[in-house]
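All heavy atoms count here, side chains included; hydrogens, waters and symmetry mates do not. The chains referred to below are lettered A, B, ... by the order of the sequence lines, with proteins before strands, and numbering in each begins at 1.
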There are 2 protein chains.
Amino acid sequence: MLAHCRGKGQTPGPVSQDPLPSDRPARTLADLARLAGVSTGTVSRALAGSSLVNPETRQRIQALAAAHDFRVNQMARRLRTQKTGVIGVVVPLGHERRQHLSDPFFMTILGHLADALTENGYDVMLSRIIPDAEDWLERIVDAGMLDGVLLIGQSDQMEAIERVARRYRPLVAWGSRVPGQIHCTVGTENVAGGRIAAEHLIARGVRRIAFLGEIRAPELRERYAGVCAAAAAAGLPVPLQLDTHLASDMMEQEIAAHLTRHLDRIDGIAAGSDMIAMTTLRVLADQGMAVPSDVPVIGYDDLPLGLQTVPRLTTVRQDIARGARAMVERLFARIAGQDAGPLVMPPELVVRDSA
Amino acid sequence: MLAHCRGKGQTPGPVSQDPLPSDRPARTLADLARLAGVSTGTVSRALAGSSLVNPETRQRIQALAAAHDFRVNQMARRLRTQKTGVIGVVVPLGHERRQHLSDPFFMTILGHLADALTENGYDVMLSRIIPDAEDWLERIVDAGMLDGVLLIGQSDQMEAIERVARRYRPLVAWGSRVPGQIHCTVGTENVAGGRIAAEHLIARGVRRIAFLGEIRAPELRERYAGVCAAAAAAGLPVPLQLDTHLASDMMEQEIAAHLTRHLDRIDGIAAGSDMIAMTTLRVLADQGMAVPSDVPVIGYDDLPLGLQTVPRLTTVRQDIARGARAMVERLFARIAGQDAGPLVMPPELVVRDSA
DNA sequence: TCTCCTATTGCAATCGATTGCAACAAGCCT
DNA sequence: AGGCTTGTTGCAATCGATTGCAATAGGAGA
């Protein structure tokens, strides 16, 4: 704005070198360059520690920068270099719109992701997305703000994810893998996990399993499929599937309603996640049922919180820390142009007290 | 790069209009401008819906943009407009370096903050900072990437925060407020909260209180002070203060060690946070102690998880949702140049089953 | 018919940093 | 002494979008 007037009617040539008011710290490379009596290019190189500038000059400029509390404008830097140093961590809430960021599974994996990313010098941009617009992922990916995207869960947005993954490489999702799928995933074998859970219940004498959790997202759908497979293999009836929304305030009532209605028809519960299992424990305690003697309950995830419940939660373990590391590794590989494949981890039964 | 060669030896004037290869979507305003046969300025205005462009042209350009999946480069836009649309949410871990992002209190407030910010069209940049460098906050604030900063907790970094707040307005912190403090805070009256907790224990017959939680950060220090005040007012001995680190893997052992050593000298526990209280419940159950009959336990925060414990947690409620909204409101006011003061909310006793 | 106004559009500066290339000096070699 | 290398530095284009101002065309009014 000021520059519009500056230099009006002056002789052509270098712009007038208005001395920087000493009370205001240097904000731009140009300020610093003026102060040091060199060009912005030299300042840029000096601050980057380039060996192209004379060591003396370099030190002088660095000292000057420190004295003036100078920090380069990342916006400009990133525009120029076309690298942002920012990774988007995105939670799509296609179904489950009311789910909150504070879902413990999500926060656990987010914590691990954030740790791994910051250790590598990347910033984390967090987005909790309700995909009402068709192109929600395109908007994120094409805004030019991110070097890569990590998706936590696939929700019911497989198509959108596939569409983007076809042309956008640095994208890794936590979730399940279906044959022919393009986008890179990290997750556990959910079918196997469901089977393990159900087999454990069956070995404990359960004959009529209920699966708690809604099955629109692929992960829980597969877990339920595994539960069904195990039941079928044991010659048991098809397990009952009961929807449970993840918004924590509704979950307790929903489960309570389910149980009062169906409790006479079931004798064991496989929960779609540890949070569902914990709430179930709570509801059963309220209804005067003993766990596991009256009704065994098994979870899925192995969140740290499962150690805090009474009784301690029997569950199917997903190695979330390893998964997070794997996601970040794969993302970096893809950013570097390499081709990183998916990781499907085996689930693992953790027997504690609830089943 | 290409442009270095382009136009060499050509007549001056408009740059050669190499037709855009139709297989590649339009990536820049210039691409689109070429396609539409107008200037980039017109495209920019058309996409912004400016009334300065002919309605027909505007529609044509918008259709073209949609057809080519065009999305403006946010980096460039933000550099030019000097607005980033990004708010930093920063967790300083000065003490408690091992604390994880997955701390439930942190995640709960983060969830509310993220909701409020995204509703207002802002993005969230998440930073978990271990303040080893003196100027950790300056680096964040001066990078030019953020329109404002929300701090979750003050850790032991009061000086650094004050220093920056003196010159950087759009900064709001969750935490406690001390007299003469410059930076804007939102939080609860921790001294009062501590007092309420202790008074409740004392009314239940407790005479020798232990406070679990380390007191280097101002919030817990004040809560402990409140506990001490209540004890003094009742003529009881000074409550025992026992350090407990927040890293969840260590907490259980630490508390167990504390309790085995001091359990004979105490008859009631005020925990510095709900997480500490929940772990204490777990440890007491393992040691065969009944809560509240043998040892009453009271928490602080009123996290949703407190409803899941057995017994349900008696606690001191902080209205985290309201606090998060207040933080965001104040931040926006400050971004707009107004002067928003602090908010100190009254804590509230929530009596459930653990005390 | 001429002037003036208005609705559109283009031009070019700007945000702030990076970087290829050119320019220049000093020192070395033959 | 002239040519060449080496070490430093400056110049200016560039990233991609925004926006004040100038320019143009067309229509209205006198």
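Atom P of nucleotide C:dA17 and atom CD of A:Gln82 are separated by 17 Å, given to the nearest angstrom. Atom pair B:Arg80:CZ and C:dT14:P shows a separation of 9 Å (rounding to whole Å applied). Atoms CZ (B:Arg78) and P (C:dG16) sit 17 Å apart, rounded to a whole Å. The CG-P distance, from A:Leu29 to C:dC15, rounds to 13 Å in whole Å. Note: CE (A:Met75) to C1' (C:dT14) measures 16 Å, nearest angstrom. Taking atom CG on A:Leu79 and atom C1' on C:dT14, their separation rounds to 12 Å, with Å as the unit. A straight line from NZ of A:Lys83 to P of D:dC15 spans 16 Å, rounded to a whole angstrom. For B:Leu32 and C:dG10, the CG to P distance is 13 Å, given to the nearest whole Å.
Salt bridge B:Arg167/B:Asp142: present, at least one basic N to carboxylate O contact under 4.0 Å. Salt bridge present: B:Asp115 and A:Arg128 bring a charged side-chain N and a carboxylate O closer than 4.0 Å. A salt bridge is absent between B:Asp31 and B:Arg27; no separation between the charged side-chain nitrogens and carboxylate oxygens falls under 4.0 Å.
Side-chain N/O atoms of B:Gln157 and B:Trp136 include a donor and acceptor closer than 3.5 Å.
In this structure, B:Phe70 has no ring-ring contact (aromatic ring centres under 6.0 Å, His included) partners at least two apart in sequence or on a different chain.
Recorded end-axis angle for the helix from C:dT1-D:dA30 to C:dT30-D:dA1 stands at 60°, based on five pairs per end and rounded to 10 degrees.
Between A:Arg78 and A:Val86 the shortest side-chain heavy-atom distance falls below 4.5 Å.
With respect to B:Val89, the side chain to side chain contact (heavy atoms under 4.5 Å, CB included) criterion is satisfied by exactly one of B:Ile109, B:Val149, B:Leu151, B:Ile152: B:Ile152.
Considering every non-hydrogen atom in both B:Leu79 and B:Gln82, the closest pair reads O-NE2, 2.9 Å.
The base of D:dT18 is not paired with the side chain of B:Arg77 by any donor and acceptor separated by under 3.5 Å.
Residue contacts for A:Ser44: at a heavy-atom cut-off of 4.0 Å it reaches a base atom on one of the strands shown.
Looking only at distances, a side-chain donor or acceptor of B:Thr118 sits under 3.5 Å from a matching main-chain atom of B:Ala114.
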Summarise protein proximity over nucleotides 7-12 of chain D in one line of letters, 5' to 3': B for base, S for sugar-phosphate only, - for none, counting protein heavy atoms closer than 4.0 Å.
-> -BBBB-
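If you check C:dG16, D:dT18, D:dG16 against the side chain of B:Thr28, the one that comes closest is D:dG16.
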